[in-house]
Amino acid sequence: MAHKYKLLNTPEEFDAKEAEMKTLLSIPDGKGTVAYADSQMIDNPDHADYGMFIFPVVTEGMWKCDDQFEASELVDYDSSWVKPAEELV
Amino acid sequence: MATISTTISGSLPAVNVAATGKAFFLTDNNKFVVNTGSAWIEVHSDGTGAAAFENRWAMDAGKLEIASTSDFAFGTAGFTISLWFIHDSTGEALFDFRGAGTPGDLKAPMVWLTSSTIRYHANGNYRINGSYTYQANTWRHLVIHNDGSGTTSMYLDDLTTPLGSFSDTINYAQNDITIGAYYAGAGANTIDEFSVFNSTSSLTSVEALASGGKPANLSSYDPVAWIRMGDDLNDSPVAAGNITGITDSSGNGNDATTNATSQPTFSALASSETIYV
């Protein structure tokens, strides 16, 4: 599933955008899809955008919603956004 | 054009030599059975009668989540977790007893893979550090077994010799379960037949899970969750199609759900994958 990403400033913005996408895409769908995305913060303190929230935007398939965003505000995934997952344990 | 006779499982005619070769499609359980002259056997692609269920589907990438329930409140009474996987070589969790809603319980069991290690984590750190050799495109069988007497062991493929064990006094609390990734991630591995048992299954029962390299019929072992990744009749797998949710085949209602942006896809197993009949 292809994604672009929009960086949001606060968890409240993330929650609001997630709710908007759920309404747009009729989630929950009654077939097991219960949410659009999990909230994830840029937790690498060395990254310039440390503390911002990563909102995934699906660009193809049944959950495509990139038409709801300005193309100029979407970015590719940056692997330096988050620390390696194992270190979070 | 010849057609196959149909009936239901409770109405099969008596087994006898004269009926040898007679075949029926059972419409109540979608099985194809043949009379050998001494028994009705279920026939699969390898031509042998098998106790193992027919298994055509697996989960490819993404993650699933099962909501927290007292079924997963293992305490110190013992538990078993089993799954089959194909590793994509990257570092990622195979499962994590934490979900997006309950990320903070560090007692949660988790197994983490890298290209050279397989580790069982619980209570904030890894407890078993297993030597692991990555094998591309190969089904592997993982079992975590807590014997209810203070020992947790991790088995990979060989259920007679654990990769490692540790003295386990953790009082495991109930939590969400994430399958295929750690709670905040989305994995890339292929996973099938994820099952959870909250009884102190004996090692014999655990060994039965492998059943000679094929997934066993787990229903007789009373799992509290059994996620078959599309082989439950209530699910509708489509090769490379999105998995929106998976029915819990244990009958306990612990169905798996998904988030749209990390949905796994169904992987149809190749006919050459003889581990599944």
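Scope of the values below: all heavy atoms of this structure, side chains included, with no hydrogens, waters or symmetry mates. Naming: A, B, ... by sequence-line order, numbering from 1 per chain.
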Inset, instruction - Please confirm whether the backbone N or O of B:R98 pairs with a side-chain atom of B:N175, one donor and one acceptor, at under 3.5 Å? - result: no
Legend entry - Heavy-atom contact with chain B under 4.5 Å, split by part of A:D38: both
Inset, instruction - Would you confirm whether B:K63, through its side chain, and B:Y183, through its main-chain N or O, come within 3.5 Å as a donor-acceptor pair? - result: yes
Inset, instruction - Indicate yes or no for a side-chain donor-acceptor contact from B:T261 to the backbone of A:Y36 under 3.5 Å, with no hydrogens or angles considered. - result: yes
Inset, instruction - Could you check if a side-chain atom of B:I191 sits within less than 4.5 angstrom of a side-chain atom of B:F95, using non-hydrogen atoms only? - result: no
Legend entry - Winner by heavy-atom pair count (cut-off under 4.5 Å) against chain A, out of B:D235, B:I243, B:T258, B:L64: B:T258
Legend entry - A:V34 versus chain B, the contacting section by heavy-atom distance below 4.5 Å: both
Inset, instruction - Go through B:T244, B:T257, B:N242 and name the one with the most non-hydrogen pairs under 4.5 angstrom from chain A. - result: B:T244
Legend entry - Best-contacting candidate, B:S236, B:A186, B:A260, against chain A by heavy atom pairs under 4.5 angstrom: B:A260
Inset, instruction - Report yes or no: does B:T138 contribute a side-chain atom to a donor-acceptor pair with the main-chain N or O of B:A136 at less than 3.5 Å? - result: yes
